[in-house]
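A quick write-up on the structure given underneath.
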Amino acid sequence: MLLLKVDEEIVLKAIEIDDAAALFAIVESNRSYLREWVPWVDTNTSIDDSLAFIKSSQEQHNQNLGFQCGIWLSNQLVGVIGFLCVDWLNKNVEIGYWIDAKHQGSGIITKSCRLMVNYAFNEYQLHHVQIRCATGNRKSCAIVERLGFIKEGITRQAEFLYDYYVDLCIYGITADEWKVRGSI
Ligand SMILES: CC(C)(COP(=O)(O)OP(=O)(O)OC[C@H]1O[C@@H](n2cnc3c(N)ncnc32)[C@H](O)[C@@H]1OP(=O)(O)O)[C@@H](O)C(=O)NCCC(=O)NCCS
């Protein structure tokens, strides 16, 4: 099983079938908070929906297209971070994440994201990592900027949040840049 240690308290583990109930419970208790910035909340309404997400993540991993990890804080599931499908041809990948509202504000996502970027460059030997955040998602943009990513542009009305579109800010970093800026 894939397990990445972030620090003494936080580990990232490839999400598994047995995590479905815990995963759904976090979504259920964070519905309005998550809904502000992620588009899949209304289509995740039962444990079966979380299970379907986990199965498709496992399929993604089996096909060597990246993976989705549960973020575990002292053995408690608090969020998810993962790679969107790895583009092996162009050697790039996008990272996505979310965390239980109760566990915001302590750097868990920044630290987990740093580890995932290291994985993309060191294990997968990719060339470019991208993170896309809604322009109004100040907290998410702050994470990416804190990690030293470069703002590459804005794609307009690229995400549909239930009844309106938001512009996404595209952040990216190359392997060479990460060596210099990734430790900031
Ligand atoms: C976006 C989201 C992931 C941000 O979470 P977060 O808690 O702000 O991110 P982090 O875990 O990196 O924590 C950063 C905060 O911890 C603080 N912090 C404490 N210790 C830290 C450390 N060692 N390293 C980095 N930051 C640290 C930072 O100063 C920052 O505080 P601030 O919010 O007061 O500025 C979260 O709000 C979320 O899941 N939102 C809903 C879904 C979403 O928007 N997903 C992203 C879509 S692009």
Side-chain angles (χ1 to χ4, degrees), residues 4-13 15 19 22-45 49-50 53 57 66-85 92-120 128-173 178 181-184:
L4 306 170
K5 187 173 173 183
V6 178
D7 62 20
E8 290 309 314
E9 287 180 322
I10 307 164
V11 292
L12 309 182
K13 277 191 276 181
I15 196 96
D19 302 329
L23 183 60
F24 182 68
I26 314 180
V27 173
E28 193 65 357
S29 61
N30 280 281
R31 231 164 245 291
S32 59
Y33 149 79
L34 287 172
R35 217 172 170 276
E36 188 179 5
W37 297 119
V38 297
W40 47 259
V41 179
D42 289 3
T43 52
N44 189 311
T45 58
D49 291 328
S50 293
F53 163 74
S57 306
F67 51 84
Q68 307 295 319
C69 283
I71 303 171
W72 296 81
L73 174 69
S74 306
N75 295 318
Q76 186 195 351
L77 184 63
V78 297
V80 171
I81 188 163
F83 295 119
L84 276 67
C85 282
N92 67 56
V93 74
E94 182 179 338
I95 292 174
Y97 45 71
W98 60 269
I99 191 165
D100 186 338
K102 292 197 293 287
H103 293 284
Q104 289 182 106
S106 56
I108 295 171
I109 292 290
T110 303
K111 288 185 259 184
S112 301
C113 203
R114 184 176 287 122
L115 192 69
M116 293 293 278
V117 179
N118 280 334
Y119 196 97
H128 185 256
V129 175
Q130 199 175 81
I131 295 177
R132 306 195 315 162
C133 319
T135 50
N137 192 345
R138 190 193 54 77
K139 280 178 181 288
S140 190
C141 293
I143 291 168
V144 188
E145 287 165 13
R146 196 179 293 129
L147 288 169
F149 278 58
I150 291 156
K151 193 170 172 176
E152 296 178 335
I154 287 175
T155 176
R156 295 173 311 127
Q157 301 186 21
E159 189 163 69
F160 185 59
L161 289 176
Y162 312 97
D163 55 3
Y164 74 113
Y165 291 93
V166 287
D167 296 347
L168 297 182
C169 190
I170 301 173
Y171 290 94
I173 195 154
W178 183 248
R181 303 169 67 102
S183 57
I184 292 170

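Read the numbers this way: they start at 1 and go in the same order the structure lists the ligands and their atoms. Heavy-atom basis, side chains included; hydrogens, waters and symmetry copies ignored. Just so we're clear, the structure is a prediction, and the values are computed from it rather than from any experiment.
Residues Trp72 and Leu12 are not in side-chain contact: their nearest non-hydrogen atoms beyond the backbone lie 4.5 Å or more apart. Within the 4.5 Å cutoff, no side-chain heavy atoms of Ile143 are placed close to those of Lys139.
Checking Lys139, Arg114, Lys111, Arg138 against atom 23 (N) of ligand 1, the nearest heavy atom belongs to Lys111. Which of Ser140, Ser112, Ala142, Ala101 comes nearest to atom 1 (C) of ligand 1 through a heavy atom is settled by distance: it is Ser140. The residue from Trp37, Tyr97, Tyr33 that puts a heavy atom closest to atom 38 (C) of ligand 1 is Tyr33. Which of Asn137, Ile10, Ile81, Ile108 comes nearest to atom 47 (C) of ligand 1 through a heavy atom is settled by distance: it is Asn137. Of the listed options Ile131, Asp100, Thr110, Thr110 places a heavy atom closest to atom 12 (O) of ligand 1.
When only non-hydrogen protein atoms are considered, atom 28 (C) of ligand 1 lies nearest to Arg146 NH2, 3.9 Å. In terms of protein heavy atoms, atom 24 (N) of ligand 1 is closest to Gly107 CA, 3.9 Å. The nearest heavy-atom contact from the protein to atom 2 (C) of ligand 1 is Ile143 CD1, 4.2 Å. Scanning the protein for heavy atoms near atom 37 (O) of ligand 1, the closest one is Gln104 OE1, 2.6 Å. Shortest contact from atom 20 (N) of ligand 1 to any protein heavy atom: Ser106 O, 3.4 Å. The closest protein non-hydrogen atom to atom 17 (C) of ligand 1 is Gly105 O, 3.5 Å.
Nearest heavy-atom pair across Val93 and Leu84 is CG2-O, 3.3 Å. Contact between Lys5 and Val11 at its shortest, heavy atoms only, is CA-CG1, 4.1 Å.
The shortest heavy-atom distance from Glu36 to ligand 1 is not under 4.0 Å.
Atoms CD1 and CD1, from Ile71 and Ile10 in turn, are 8.5 Å apart once rounded to the nearest 0.5 Å. Rounded to the nearest 0.5 Å, atoms CD (Gln104) and CD1 (Ile109) are 9.0 Å apart. Between the CG atom in Leu34 and the CG atom in Asp100 there is a gap of 8.5 Å [rounded to 0.5 Å].
Between the side chain of Asn30 and the main chain of Ala101, a donor-acceptor pair closer than 3.5 Å is present. Judged purely by atom type and a 3.5 angstrom limit, Asp49 uses its side chain to pair as donor or acceptor with the backbone of Thr45.
For atom 32 (P) of ligand 1, the nearest protein heavy atom lies 4.0 Å or farther away. For atom 40 (N) of ligand 1, the nearest protein heavy atom lies closer than 4.0 Å.
Inclusion of Ile99 in the set of residues having an N or O under 3.5 Å from an N or O of ligand 1 is warranted. The N/O atoms of Ile109, backbone and side chain alike, include one that comes under 3.5 Å of an N/O atom in ligand 1. At under 3.5 Å, not a single nitrogen or oxygen of Trp98, backbone or side chain, sits near a nitrogen or oxygen of ligand 1.
For ligand 1, the atoms lying closer than 4.0 Å to a non-hydrogen atom of Arg132 are 48 (S).
Qualifying salt bridge (Lys or Arg N to Asp or Glu O under 4.0 Å) partners for Glu159, counting only residues two or more places apart in sequence or in other chains: none. Evaluation of the ring pair (Phe, Tyr, Trp, His ring centres under 6.0 Å) rule for Tyr165 yields Phe160 as partners, not counting sequence neighbours.
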